[in-house]
Amino acid sequence: VLLNQLFYVSKLETGNMPFHLHTIELSAFIESYTKGKRELLENEPIEVIADTKGITGYVTVDGEQLQRVFDNLLENSRKYAGVTPLQIRIMLERTEKGFSICFSDNGVGVAEEKLPYLFDEFYRADESRNQKEGNGLGLYIVKYLIEAMGGSVRAESTDGLKIFMEIREERRSGR
């Protein structure tokens, strides 16, 4: 797994990972993602909820890479949230420039002083996490991909871990 992730990171950083940007409707993408994960995880104590608030709008992203972002965030929560049952919520908000996607869990969160380093390559937020499988690349990849698609990412630790991704809205003609 580590070698695969290192190879993937190497391809990203050297520009050998092509991005196939397409305009997608963001709410539909989030709804489809959560539906698929609910079906896949139906026998596990994990609840995946989409909260799009009826917001609709378009973004230009690589859908496959956005799915990887969500998958990495889900895996991070599964490994480190430290609660059963685990609840994952993907919330959509409209912002001045586009959208904010908040990917949150109901876990133990991360110490405030460690939040600035969460997206650093190979960073692991606490020593107890070193006893779990992981390599500190998942959130680094999340940040890299979101920024490569023109967005930004940040983390908060309130009632679990919250990852906020800001993505510009693609204005459609005739709107």
Side-chain angles (χ1 to χ4, degrees), residues 1-24 26 29-30 33-34 37 48 50-51 57 59-82 86 88-127 129-130 132-170:
V1 173
L2 175 59
L3 285 175
N4 283 339
Q5 281 200 307
L6 286 170
F7 183 65
Y8 183 80
V9 167
S10 174
K11 286 175 73 174
L12 284 174
E13 292 178 340
T14 59
N16 291 320
M17 175 65 67
F19 278 83
H20 304 288
L21 299 176
H22 301 285
T23 302
I24 63 167
L26 191 53
F29 180 89
I30 292 170
Y33 179 84
T34 55
K37 289 303 170 186
V48 183
D51 185 4
V59 293
T60 300
V61 295
D62 183 322
E64 186 177 315
Q65 300 304 338
L66 188 57
Q67 179 167 337
R68 180 181 286 271
V69 164
F70 285 8
D71 285 346
N72 282 7
L73 293 172
L74 177 64
E75 272 310 300
N76 191 69
S77 290
R78 287 175 80 179
K79 287 178 188 172
Y80 306 120
L86 175 61
I88 303 292
R89 183 178 300 270
I90 306 173
M91 295 173 285
L92 184 62
E93 297 280 345
R94 189 170 282 286
T95 66
E96 190 177 301
K97 295 180 180 176
F99 302 98
S100 175
I101 304 166
C102 176
F103 194 105
S104 67
D105 66 41
N106 62 328
V108 296
V110 173
E112 194 71 29
E113 66 272 9
K114 297 185 179 190
L115 286 174
Y117 310 104
L118 213 52
F119 299 100
D120 290 356
E121 194 171 18
F122 301 114
Y123 184 75
R124 312 234 0 225
D126 68 51
E127 294 71 34
R129 289 180 174 216
N130 291 328
K132 297 185 177 154
E133 236 178 82
N135 49 44
L137 289 173
L139 295 181
Y140 173 76
I141 290 171
V142 164
K143 183 176 193 266
Y144 195 99
L145 290 174
I146 291 295
E147 289 179 353
M149 292 185 280
S152 63
V153 64
R154 65 182 172 84
E156 284 182 14
S157 189
T158 49
D159 301 320
L161 184 62
K162 293 179 172 66
I163 305 294
F164 292 91
M165 297 162 280
E166 308 290 328
I167 300 177
R168 286 186 162 282
E169 182 171 16
E170 180 68 35

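The chain is numbered in sequence order, starting from 1.
- When side chains are defined from C-beta on, Asn106 does not count as touching Ile88, because their heavy atoms never get closer than 4.5 Å.
- Of all non-hydrogen atoms in Gln67 and Phe29, the two that sit nearest each other are N-CZ, 3.8 Å.
- Closest approach of Ser104 and Met91 over heavy atoms only: OG-CE, 3.8 Å.
- Remark: Lys37 engages Asp71 in a salt bridge, criterion side-chain N to carboxylate O under 4.0 Å.
- Partners of Thr60 according to the side-chain contact (heavy atoms from CB on, under 4.5 Å) rule, which considers only residues two or more places apart in sequence or in another chain, are Leu21, Thr23, Glu170.
- Of all heavy-atom pairs between Gly109 and Ser157, the closest is CA-OG, 3.3 Å.
- For Ser100, the side-chain hydrogen bond (donor to acceptor under 3.5 Å, both in side chains) partners at least two apart in sequence or on another chain are Glu166.
- Applying the side-chain contact (heavy atoms from CB on, under 4.5 Å) rule to Arg78 yields the partners Leu41, Glu44, Ile46, Leu74, Glu75, Leu86; only residues at least two apart in sequence or on another chain are considered.
- Counting heavy atoms from C-beta outward, Phe103 and Val142 have side chains that stay 4.5 Å or more apart.
- Residues satisfying the side-chain hydrogen bond (donor to acceptor under 3.5 Å, both in side chains) criterion with Ser77, sequence neighbours excluded, are Asp105.
- Every residue two or more places apart in sequence or in another chain that forms a side-chain contact (heavy atoms from CB on, under 4.5 Å) with Glu156 is listed here: Arg154, Thr158, Lys162, Phe164.
- Atom CG of Asp159 sits in a sparse spot, with 12 or fewer heavy atoms from other residues, nucleotides or ligands closer than 6.0 Å.
- Note: Arg94 CZ to Leu92 CG = 8.0 Å, rounded to the nearest 0.5 Å.
- Side-chain contact check for Phe99 versus Glu93: every heavy-atom pair is 4.5 Å or farther apart.
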| request: Applying side-chain contact (heavy atoms from CB on, under 4.5 Å), run through Val59 and Ile24 and close with a yes or a no. | output: CA-CA 6 Å; Val59 293; Ile24 63 167; 3.8 Å; yes

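- Between the NZ atom of Lys143 and the CG atom of Leu139 there is a distance of 11.5 Å, given to the nearest 0.5 Å.
- When side chains are defined from C-beta on, Ile101 counts as touching Leu26, because their heavy atoms get closer than 4.5 Å.
- Every residue two or more places apart in sequence or in another chain that forms a side-chain contact (heavy atoms from CB on, under 4.5 Å) with Ala155 is listed here: Leu115, Leu118, Phe119, Leu161, Ile163.
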